[in-house]
Amino acid sequence: GNFDSLNPFLLKGIAAGKIPELVFETLMEQSLDEPFSLYAHLAEDIQLARDKLSVTFRLNAKARFSDGSPVTADDVKFSFDTLKSEQAHPMFRFMWTDITRAVVVDPRTVRFEFGRVNPELHLITAQIPIFSRKWAGGKSFDKVVTDMPIGSGPYVVEKFDLGKNIRYRRNPSYWAKDLNTRRGMFNFDAITLKYYTDDTVQLEAFKAGEVEILVATDV
């Protein structure tokens, strides 16, 4: 395969692998061994309204983006508004049809309002990926293609060669390294993904030790 974008939220282009998992984070973290159980992450508190038509999140004061700036309610609203706009992949508008708007209550508090009652909608809202407003840099979001992403995740993009390879470097100042949702995880100092357009060449590269991990699938 190959890739031609560092923005995994667009319809056009092919985003580099692992960017959503390594660079961006959500308000709450889903457990992989529990059915739809979520734990506090970027948001340290969640409050569902009595009528179940809105949910309010309070952000962790320690949450930081890779450039050192704090994760604010304004960034959360900007992420939601941008991803639900026509500049982003239409799947987000489909998934979040019943989330009508995001409201900044204060710098660390944001409220999402719903169009109808849905017992899972507050949990779906908690999984909205968050990125810094600075990433867009005042440009149309569908033009943010090879700009270095500014997320709050454990890794940053160190360097890349479009279509060939991308290298992620662990952020030494990662804000959540001691949280229960992250403790013991993301232990590699760097992760490099190499792309091959030919399966045989890929296998030979693995056998020669050029790559350490090769995912094999039986089609």
Side-chain angles (χ1 to χ4, degrees), residues 1-43 57 59-60 62-67 71 75-76 79-80 82-83 88-89 91-92 95-96 123-132 134-136 141 144-196 202 211-217:
N2 58 49
F3 69 98
D4 56 13
S5 172
L6 301 181
N7 189 339
F9 307 119
L10 302 181
L11 175 61
K12 295 182 179 180
I14 302 173
K18 296 298 180 181
I19 279 191
E21 300 97 321
L22 300 179
V23 176
F24 299 103
E25 296 184 311
T26 53
L27 294 170
M28 302 183 75
E29 184 70 17
Q30 185 171 2
S31 171
L32 297 179
D33 60 355
E34 297 176 77
F36 221 162
S37 294
L38 299 177
Y39 294 89
H41 194 67
L42 284 175
F57 296 95
L59 298 174
N60 191 319
K62 296 180 180 179
R64 292 289 184 277
F65 289 115
S66 57
D67 64 353
V71 179
D75 291 305
V76 175
S79 299
F80 170 74
T82 300
L83 294 178
H89 198 293
M91 69 175 181
F92 297 111
M95 289 191 303
W96 305 334
L123 301 176
I124 294 172
T125 305
Q127 295 179 301
I128 294 174
I130 307 301
F131 46 82
S132 172
K134 298 176 185 177
W135 183 32
F141 191 64
V144 180
V145 179
T146 57
D147 305 65
M148 287 295 195
I150 305 177
S152 62
Y155 288 84
V156 297
V157 176
E158 183 176 24
K159 61 181 180 179
F160 63 93
D161 187 355
L162 283 179
K164 296 181 178 180
N165 58 72
I166 182 168
R167 182 179 175 85
Y168 299 98
R169 175 178 52 81
R170 185 167 59 171
N171 183 359
S173 302
Y174 179 46
W175 72 277
K177 60 183 178 181
D178 293 324
L179 286 187
N180 289 335
T181 48
R182 289 289 185 257
R183 190 174 298 152
M185 302 171 64
F186 305 110
N187 298 312
F188 292 103
D189 289 331
I191 299 174
T192 300
L193 301 184
K194 293 187 177 183
Y195 286 75
Y196 297 88
Q202 182 186 44
V211 294
E212 297 173 333
I213 298 174
L214 176 65
V215 178
T217 58

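Just so we're clear, the structure is a prediction, and the values are computed from it rather than from any experiment. Scope of the values below: all heavy atoms of this structure, side chains included, with no hydrogens, waters or symmetry mates.
- A centroid separation of less than 6.0 Å is found between the aromatic rings of Phe24 and Phe9.
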Give the table of side-chain donor-acceptor pairs shorter than 3.5 Å for residues 12-19, with sequence neighbours excluded, one pair per line with atom names and distance.
none

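- Using bins of under 30°, 30° to 60° and over 60° for the plane-to-plane angle, the ring pair Trp135/Phe131 lands in the perpendicular bin.
- Between Ile166 and Ile191 the shortest side-chain heavy-atom distance does not fall below 4.5 Å.
- By the 4.5 Å heavy-atom criterion applied to side chains, Arg182 and Glu25 are counted as neighbours.
- Under the 3.5 Å distance criterion, the side-chain polar atoms of Arg170 are left unmatched by any main-chain donor or acceptor of Ala190.
- Looking at heavy atoms from C-beta onward, His89 lies out of side-chain contact with Leu10 at the 4.5 angstrom threshold.
- Rounded to the nearest 0.5 angstrom, Leu22 CG and Leu193 CG are separated by 7.5 Å.
- Using a 4.5 Å heavy-atom threshold, the side chains of Met148 and Leu6 count as touching.
- Contact between Val211 and Tyr196 at its shortest, heavy atoms only, is CG1-OH, 3.7 Å.
- Between Asp189 and Tyr155, the shortest heavy-atom contact is O-CE2, 4.2 Å.
- Note that CD of Glu212 and NZ of Lys194 are 9.5 Å apart. Values are rounded to the nearest 0.5 Å.
- Atom CZ of Phe141 and atom CG of Asp147 lie 10.0 Å apart (nearest 0.5 Å).
- At a threshold of 4.5 Å between non-hydrogen side-chain atoms, the residues Val76 and Ile128 do not count as touching.
- Here Asp161 contributes atom CG and Tyr195 contributes atom OH; the two are 12.0 Å apart, rounded to the nearest 0.5 Å.
- Residues Phe57 and Thr125 form a side-chain contact, since some pair of their non-hydrogen atoms from C-beta on lies under 4.5 Å apart.
- The distance from atom OG1 of Thr26 to atom CD1 of Ile124, rounded to the nearest 0.5 Å, is 13.0 Å.
- In terms of heavy atoms, Leu38 sits closest to Gln127 at CD2-NE2, 3.9 Å.
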Query raised in the report: Checking side-chain contact (heavy atoms from CB on, under 4.5 Å) for the pair Tyr168/Val157: CA distance, chi angles, key distance, verdict?
Result: CA-CA 5 Å; Tyr168 299 98; Val157 176; 3.8 Å; yes
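- Nearest heavy-atom pair, Thr146 versus Asp4, reported as atom, atom and distance to 0.1 Å: CG2-O, 4.3 Å.
- When every heavy atom of Tyr39 is checked against every heavy atom of Ser31, the shortest pair comes out as CE1-CB, 3.9 Å.
- Residues Leu83 and Pro129 are in side-chain contact: their nearest non-hydrogen atoms beyond the backbone lie under 4.5 Å apart.
- Considering only residues two or more places apart in sequence or on other chains, Lys62 meets the salt bridge (Lys or Arg N to Asp or Glu O under 4.0 Å) condition with none of them.
- The minimum heavy-atom distance between Pro20 and Pro8, with the atom names listed, is CG-CB, 3.8 Å.
- For the atom pair OG of Ser132 and CZ of Arg64, the computed distance is 12.5 Å after rounding to the nearest 0.5 Å.
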